[in-house]
Protein chains: 2
Amino acid sequence: MELGAYLPYLVNRVGQRFIGDMTPVLNEAGVDIQSWRVLIALYQRGGQPVGALSDLTSINFSTLSRVLDRMEKRDLVRRRRDAEDARSFTIELTGNGRSVTEKILPYAAELEAQATGDFSEAELATLRQLLGKLYAGLDGDREQPTDDRLAG
Amino acid sequence: MELGAYLPYLVNRVGQRFIGDMTPVLNEAGVDIQSWRVLIALYQRGGQPVGALSDLTSINFSTLSRVLDRMEKRDLVRRRRDAEDARSFTIELTGNGRSVTEKILPYAAELEAQATGDFSEAELATLRQLLGKLYAGLDGDREQPTDDRLAG
DNA sequence: GACCGAAATTTGCACTTGCAAATAATAAAG
DNA sequence: CTTTATTATTTGCAAGTGCAAATTTCGGTC
């Protein structure tokens with residue numbers, strides 16, 4: 001086994017860099033990385049129960065619960081009791097949450113663009129597709145349908 | 001922007017899964033994820049100063065210092081003062097560290113194999129290459145030479 | 001050969017994390 | 001309608017984490 005060929009290594013290395021490069025922008029906006037993950041998930045998928053949000057963001061259940069505490073304090077999200085099932089909350093963006101997200105998004109896009117400056121459209125598409133396929137091949141136990149939809 | 005097309009999202013999602021799937025095996029061996037990262041880095045690259053190890057593993061400097069404390073306690077690594085420069089330590093695997101690593105490696109390989117079961121050799125090579133390229137495109141500020149060598 | 005800025009590593013501190021147990025609400029059965 | 005099993009979420013606790021400051025050593029300069 002060669003380190004530079006070991007996929008978990010290659011993947012997490014890139015992931016860490018994305019995080020490292022995003023952090024200064026997020027700090028300036030007073031948002032931590034986990035909150036940012038939640039923000040984009042909600043921004044694009046709309047209100048979600050905590051469980052779905054945990055799947056969506058890969059943030060641990062209990063951790064997410066406390067991330068939401070922070071976010072609520074900073075008026076980024078709101079917990080609304082589900083009318084159908086009172087065990088469940090729907091987490092939704094506040095107006096402020098939406099506006100903060102929209103302020104950060106351009107930087108996120110720019111970072112991605114910078115990282116993929118040397119990529120052709122075809123390469124980009126391939127990379128996305130292969131990452132999706134890789135994800136699908138991991139931990140097949142979890143509910144596949146949901147995950148597949150996410151991968152789309 | 002679509003969530004499923006956003007690279008940081010796709011990458012970190014896969015990374016989290018790799019970690020999640022590896023954790024049970026690591027727990028059984030009494031090793032945490034960070035220690036595992038250090039183990040494979042040392043196993044493949046040999047003794048390293050803390051700084052290089054931090055680059056190699058993407059683990060924050062101060063965090064790594066304490067990860068090494070844990071690892072030293074569990075007799076996985078040893079700190080040896082550099083003869084040339086007494087500010088620096090060379091971190092090296094102990095015999096036990098090597099043997100623990102070799103015990104875990106097959107599972108790591110199996111996990112990767114399982115995740116990439118549907119991949120052709122060509123796809124695998126492409127994925128690795130594109131991840132390397134993506135890494136290179138990120139955070140161009142850091143010392144490129146070192147990073148490029150690592151990406152090899 | 002004492003002085004000063006820079007480099008390698010560690011530590012203080014306040015905050016974040018994940019596991020497992022607790023809470024709260026629903027659903028199904030008797 | 002009480003009991004019991006199940007699901008959604010939160011919390012107690014013991015670690016783990018990152019930032020910024022401290023420590024130790026180096027290399028050059030006066």
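All values below were derived from every heavy atom in this structure, side-chain atoms included, with hydrogens, water molecules and symmetry-related copies excluded. Throughout, protein chains are lettered first and strands after them, A, B, ... in sequence-line order, and every chain is numbered starting at 1. Given the structure is predicted, the values throughout are model-derived calculations rather than measurements.
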Inset, instruction - Could you check whether Phe89(B) gets within reach of a base, just the sugar-phosphate, or nothing at all, counting any heavy atom under 4.0 Å? - result: sugar-phosphate
Legend entry - Atom-pair distance (CG on Asp32(A); C1' on dC15(C)), nearest Å: 11 Å
Legend entry - Interatomic distance, Trp36(B) CH2 vs dG16(D) C1' [rounded to whole Å]: 20 Å
Inset, instruction - Ignoring backbone atoms, establish whether Thr63(A) has a side-chain N or O less than 4.0 Å from OP1 or OP2 of dT17(C). - result: no
Inset, instruction - Using atom CG of Asp85(B) as one end and atom C1' of dT9(C) as the other, report the distance to the nearest whole Å. - result: 11 Å
Legend entry - Contact nearer the 5' end of DNA chain D, comparing Ser65(A) with Ala83(B): Ser65(A)
Inset, instruction - Please determine if a side-chain N or O atom of Arg87(A) lies less than 4.0 Å away from the OP1 or OP2 oxygen of dA27(C). - result: no
Inset, instruction - Whole angstrom is fine here: how far is it from CG in Asn60(A) over to P in dA20(C)? - result: 11 Å
Inset, instruction - Rounded to the nearest angstrom, tell me the gap between atom CZ in Arg79(B) and atom P in dT24(D). - result: 15 Å
Legend entry - Any donor-acceptor pair under 3.5 Å from Ser54(A) side chain to Val50(A) backbone: no
Inset, instruction - In whole angstrom, give the distance that lies between atom CZ of Arg74(B) and atom P of dA15(D). - result: 10 Å
Legend entry - Tyr107(B) vs Leu26(B) side-chain heavy atoms within contact, under 4.5 Å: no
Inset, instruction - For Asp55(A) and dT9(D), give me the distance from atom CG to atom C1', rounded to whole Å. - result: 14 Å
Legend entry - Length of the CD-C1' vector between Gln34(B) and dA15(D), whole Å: 13 Å
Inset, instruction - Establish, with yes or no, whether the OP1 or OP2 oxygen of dT17(D) is under 4.0 angstrom from a side-chain nitrogen or oxygen of Arg70(B). - result: yes
Legend entry - Side chain to side chain, Gln48(A) and Glu92(A), heavy atoms closer than 4.5 Å: no
Legend entry - Side-chain heavy-atom pair Leu64(B), Val38(B) within 4.5 angstrom cut-off: yes
Legend entry - Phe61(B) vs Arg66(B), nearer the 5' end of DNA chain C by closest nucleotide: Phe61(B)
Legend entry - Whichever of Thr90(A) and Ile59(B) has its nearest DNA chain D nucleotide further upstream toward 5': Thr90(A)
Inset, instruction - For Leu64(A) and for Arg81(A), locate the closest nucleotide of DNA chain C by heavy-atom distance; then report the residue assigned to the nucleotide nearer the 5' terminus. - result: Leu64(A)
Legend entry - Arg17(A) to Tyr135(B) six-membered ring, cation-pi geometry met (6.0 Å, 45°): yes
Legend entry - Nearest to side-chain heavy atoms of Ala86(B), which nucleotide of dC26(D), dT26(C), dC19(D): dC26(D)
Inset, instruction - Establish, with yes or no, whether the OP1 or OP2 oxygen of dT9(C) is under 4.0 angstrom from a side-chain nitrogen or oxygen of Ser88(B). - result: yes
